[in-house]
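Counting starts at 1 for both ligands and their atoms, in listed order. Residue numbers run from 1 in the order of the sequence given. Quick caveat, the model's predicted, so the values are computed rather than measured.
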Amino acid sequence: MKYNISDTAQNAKASEVREILKLTQTPEVISFAGGLPAPDLFPVEDIKNVTAKVLEEDALVALQYTTTEGNDDLRRAIIDQRLKPFNMEASLENIMITSGSQQGLELTSKMFINKGDTVIVENPTYLTAISPFKSYGVNLATVNTDDDGIIIEDLIETIESNKNVKFIYLIPDFQNPTGRCMSVERRKQVVEIAEKYNIPIVEDSPYGELVLEGEKLPTIKSFDKNGYVIYLGSFSKVFCPGFRIGWIVADSALVEKYVILKQGVDLQTSTIDQMIVARYMQEYNLDNHIEKIKDLYRNRRRCMLDAMEKYFPENIKYTKPRGGLFIWVMLPETEDSKEILQRAIEEKVAFVPGQPFHAHGEVRNAFRLNYSNMPEDRIEEGIKRLGVILKEIL
Ligand SMILES: Cc1ncc(COP(=O)(O)O)c(C=O)c1O
């Protein structure tokens with residue numbers, strides 16, 4: 001049959017980069033491409049233990065439908081353990097559980113975007129945010145970033161020169177892809193801008209707790225007293241991505257709308273998964289678990305940066321992130337990282353080229369490296385191989 005599919009489906013193109021990277025999913029390839037957490041640290045025994053308890057004590061609830069807002073114990077645990085300690089005030093009516101923070105991005109697009117509206121994103125930004133935004137027919141306005149995050153003067157100019165700006169999408173902590181953090185001063189300034197221009201901020205912070213060096217910076221949400229910031233959180237990088245559990249914190253009226261929108265998408269996030277995570281948070285100490293993740297990533301990051309220093313040619317610049325999962329590499333302007341990737345795959349090493357992180361695809365001479373997923377000996381070997389290729393090409 002010839003299907004008469006929608007314009008949205010018509011326009012949804014398989015990412016060229018993802019297709020290339022599929023080739024790299026074999027054990028012999030040293031992959032710095034995905035944003036995968038270290039599986040060695042998934043607390044498997046603890047999860048087995050709490051899963052058994054949930055099924056022994058509460059199976060009929062765990063296997064039943066639940067509310068769209070999400071499991072109350074889980075929402076309370078998130079408020080007490082992941083929001084309050086970071087000065088984010090919320091009560092149950094301000095929080096909805098999502099199927100990963102990726103669903104938060106999809107629902108936020110549904111919530112705000114009419115065809116032709118503008119959404120402001122950092123340049124570069126998380127590539128899998130670009131696609132849901134675009135699928136709603138948005139005009140994506142990009143604002144350049146520097147070592148302190150989004151450049152405020154450019155943000156103001158972009159707001160003033162675009163119609164119907166619906167929200168500003170920011171990843172202030174250990175940004176994907178650059179690994180940079182937005183300065184505290186700019187965090188305060190963007191809240192003032194949101195209030196002045198009446199434009200909400202979507203703060204996406206899956207990496208905020210993975211501080212490997214220095215202090216954790218206050219969230220943008222913690223400066224928001226009037227409901228201008230929609231905060232997206234996730235267990236993917238601080239627990240296990242396989243549960244697919246994230247959360248949205250927003251003004252209660254907005255959460256009511258999010259609930260209605262989510263019903264049309266999946267009714268609710270898995271009941272049993274929410275109960276397992278809630279029980280884990282009651283019985284174990286997630287903060288201690290996060291400390292273990294940080295210890296491991298600190299070593300892997302150090303190993304990658306040391307190897308880059310040793311093996312990369314000198315005219316290559318890269319970020320030295322204080323946390324998160326990624327290092328952003330900037331090549332001389334004439335280079336195309338997609339071509340370098342082809343060479344790298346021949347040498348069985350992979351990364352993500354920079355172009356798809358730019359909403360308009362204009363930057364080709366950068367790429368993203370991930371250090372969370374490979375053990376140190378593979379990191380050293382992979383960077384060594386990349387160094388040879390880069391020296392050859394440049
Ligand atoms: C910035 C950012 N937002 C959202 C997500 C989606 O995460 P989740 O697993 O919670 O859906 C990711 C995943 O890598 C990400 O990097």
In plain terms, say whether [X] and [Y] are close enough for a salt bridge, that is, a side-chain N and a carboxylate O under 4.0 Å apart.
X    : Y    : result
R343 : E347 : yes
E57  : R279 : yes
R300 : D40  : yes
E380 : K384 : no

Requested in this report: Could you work out the complete set of other residues in the hydrophobic cluster of I5, with links drawn between I, L, V, M, F, W and Y side chains under 4.5 Å apart?
Outcome: M1, Y3
Report summary line: Residues joined to I156 in its hydrophobic cluster, side chain to side chain under 4.5 Å directly or through other members, sorted by chain and number, are I120, V143, I150, I152, L155, I159, V165, I168, L170, M182, V184, V190, V191, I193, Y197, I199, I201, L217, I220, F223, V229
Query raised in the report: E213 pairs by side-chain hydrogen bond (donor to acceptor under 3.5 Å, both in side chains) with which of K320, R302, R301?
Result: R301
Query raised in the report: Among R82, K294, K237, which one satisfies side-chain hydrogen bond (donor to acceptor under 3.5 Å, both in side chains) with E209?
Result: R82
Query raised in the report: Any idea which of N176, D204, L36 brings a heavy atom closest to atom 2 (C) of ligand 1?
Result: D204
Query raised in the report: Looking only at non-hydrogen atoms, which of S234, C240, G246, G242 approaches atom 10 (O) of ligand 1 most closely?
Result: S234
Starting from [atom], find the nearest protein heavy-atom neighbour and note its residue, name and distance.
atom                   : answer
atom 5 (C) of ligand 1 : Y126 OH, 3.4 Å
atom 9 (O) of ligand 1 : S236 OG, 2.6 Å
atom 7 (O) of ligand 1 : S101 OG, 3.3 Å

Query - Positive for side-chain contact (heavy atoms from CB on, under 4.5 Å) with L232, one of I171, V249, I248, T98 - result: I248
What are the atoms of ligand 1, with element, lying closer than 4.0 Å to any heavy atom of [X]?
X    : result
G100 : 10 (O), 11 (O)
P206 : 1 (C), 2 (C), 3 (N), 15 (C)
R244 : 8 (P), 9 (O), 11 (O)
I171 : 1 (C)
K237 : 13 (C), 14 (O)

Requested in this report: Run the contact test for P241 against ligand 1 with a 4.0 Å cut-off on heavy atoms, strictly below, and give the result.
Outcome: no
Report task. Could you tell me if any non-hydrogen atom of Y207 lies under 4.0 Å from any atom of ligand 1? Result -> yes
Query raised in the report: Taking N or O atoms only and a 3.5 Å limit, does Q103 qualify as a polar contact for ligand 1?
Result: no
